[in-house]
Amino acid sequence: MKILVLNAGSSSHKCCLYNIEGMLPESPLLTVWEAQLEWHYPDRAALIVSTERGQALEEELASVSRADALLYLLKTLCQGVTQVISSLQEIDVVGHRVVHGGSIYQSSVVLTDRVKDAIASLIPLAPAHNPASLEGIELMEQLLDNVPQVAVFDTAFHRSLPDVAATYPGPYDWIEQGIRRYGFHGISHQYCTQRATEILNRDVENLIICHLGNGASLSAVKNGQSIDTTMGYTPLDGLMMGTRSGAVDPGILIHLMRQGYSADQLEYLLSQESGLKGISGVSHDLREIEDAISQRNQRSEQAWNLYIHRLKACLGSMLMSLEGLEALVFTAGIGEHSASVRAAICESLAFLGLQLDDAQNQNSPVDQDIAAVDSRIRVLVIHTQEDWAIAQACYRCCS
Ligand code: ADP
């Protein structure tokens, strides 16, 4: 089964092709093709990054629409040096990451007009992501005849949140209006839950997963089910992130509205001008912040300390929801690559008997337990494979 996965982010559209022959394997398969579109430029030019035998090929496109750039990129599947199939019609199923499925979708579904309408109706709750997914879905409908498309929702893993974790203590009306904690990054949290049991070779009762990328969230997982998480009604809640503030006192927003800020301005401030970028004034990227700290840049140091403080505070909250901890998982860009963030967090959990193996922590671990042998809590670094998780969901929906 040839499965094309489209993963639409706010500033990129990652695409890859898997070929699953026979039964669904337990370990992730390698992709047969992958490429990505990046939107970094003010004039909406696109950068296409694809790989040819491990070599990155980069191509810049001048002012094109998102759909045209995606079309151009998909054609490299069956043309040129990166060609792996003779025609797009060879694709058996297309899987899309959809960030917000609201309370309507609690598992992956084959796309229909009704599902598309529902995704469109949730755009106000995920304005940077749901429109990009819809564009990808509509483009694939135009390009392929009668090929099933599957929506895999980032909110679905958190469907198991108990009411007490999902409810905001606002007026009761909010509950009836569906204003509640949905949680995000569910595809990654679910993948890491499954991978943690494989790495440890046993079921894990109490697990905390730290998904620390540009967007970041924690989940508290009990017996394989999400029982608490830091993102909420929208992906703005919870941890300090690359450009997002995470949770702030709602009174600040009321204060700024009284000063004349519009909803759009506040959204821009909280989602684009805050977090690591806002505090450091250097970058949203932790690598650049760490470089600046080595040059004694004080605001970068302040941003790093704040990032760790907020992470510890939210971890405490997940820990109390679980009332126990057997394993702590680090994943996504920062979780997988920043040994210093992992060390700072693990140090603060020493009082629970958690001990890191410092050498393993420094040694670029992948899908590995990096706790000391006598640690009372295991510490795993897991390379999150959201695209493989989407491909697995497509296989299960369509085979
Ligand atoms: P996204 O949420 O966009 O998918 P990723 O999971 O790819 O993000 O994470 C991207 C972030 O990971 C970068 O902005 C950077 O802060 C961080 N990162 C990546 N590599 C490293 C590294 N070696 N050290 C520290 N941080 C890193």
Side-chain angles (χ1 to χ4, degrees), residues 1-18 31 33-41 43-50 59 61-79 85 87-102 104-105 107-156 184 186-187 234-235 386-387 389-391 393-395 397-398:
M1 185 186 283
K2 291 195 175 70
I3 303 174
L4 177 68
V5 174
L6 299 190
N7 183 340
S10 47
S11 62
S12 69
H13 215 125
K14 296 178 190 160
C15 311
C16 61
L17 186 75
Y18 289 95
T31 56
W33 169 91
E34 55 186 78
Q36 108 174 43
L37 270 177
E38 289 175 9
W39 307 96
H40 285 308
Y41 309 106
D43 61 353
R44 287 191 58 74
L47 178 69
I48 294 189
V49 184
S50 47
E59 193 175 343
L61 301 179
S63 304
V64 281
S65 70
R66 203 148 56 177
D68 283 344
L70 192 54
L71 175 62
Y72 185 89
L73 175 138
L74 288 172
K75 284 190 175 158
T76 66
L77 250 173
C78 46
Q79 286 170 9
I85 50 178
S87 132
L88 289 178
Q89 299 308 324
E90 283 182 39
I91 295 167
D92 297 301
V93 45
V94 184
H96 298 267
R97 169 181 178 225
V98 180
V99 162
H100 216 312
I104 319 166
Y105 295 107
S107 57
S108 306
V109 284
V110 175
L111 278 150
T112 59
D113 285 345
R114 224 170 117 194
V115 181
K116 281 194 323 186
D117 289 346
I119 295 170
S121 73
L122 292 161
I123 286 175
L125 304 191
H129 295 90
N130 274 23
S133 301
L134 276 174
E135 275 183 52
I137 292 164
E138 277 161 5
L139 177 68
M140 294 318 297
E141 275 175 355
Q142 288 162 25
L143 290 178
L144 303 176
D145 295 327
N146 292 323
V147 171
Q149 300 203 61
V150 175
V152 184
F153 297 98
D154 251 330
T155 40
F184 299 88
I187 301 169
T234 71
E386 288 162 305
D387 294 339
I390 295 170
C394 289
Y395 184 93
C397 274
C398 297

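Heavy-atom basis, side chains included; hydrogens, waters and symmetry copies ignored.
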Before giving the answer on salt bridge (Lys or Arg N to Asp or Glu O under 4.0 Å), spell out for Asp113 and Lys116 the whole-Å C-alpha distance, their side-chain angles and the decisive distance to 0.1 Å.
-> CA-CA 5 Å; Asp113 285 345; Lys116 281 194 323 186; 3.8 Å; yes
Asp387/Lys14 under salt bridge (Lys or Arg N to Asp or Glu O under 4.0 Å): CA gap, chis, key distance, verdict | CA-CA 9 Å; Asp387 294 339; Lys14 296 178 190 160; over 6 Å; no
Supply the atom-to-atom distance Ile91 CD1 to Cys78 SG, rounded to the nearest 0.5 angstrom.
-> 7.5 Å
When rounded to the nearest 0.5 angstrom, what is the spacing between CG in Asp154 and CD1 in Ile187?
-> 4.0 Å
Out of Val152, Ile390, Leu6, Val150, which residue meets the side chain to side chain contact (heavy atoms under 4.5 Å, CB included) rule with His96?
-> Leu6
Using a 4.5 Å cut-off on heavy atoms from C-beta on, say whether the side chain of [Y] contacts that of [X].
| X | Y | value |
| --- | --- | --- |
| His13 | Asn7 | no |
| Leu122 | Val99 | no |
| Thr31 | Leu17 | no |
| Asp92 | Cys394 | no |

Does the side chain of Gln36 pick up a donor-acceptor pair with the side chain of Glu38 at under 3.5 Å?
-> yes
Those residues at least two apart in sequence (or on a different chain) that pass side-chain contact (heavy atoms from CB on, under 4.5 Å) with Ala391 are Ile3, Val5, Tyr18, Trp388
Do the ring planes of Phe184 and His100 sit parallel (below 30°), tilted (30 to 60°) or perpendicular (above 60°)?
-> perpendicular
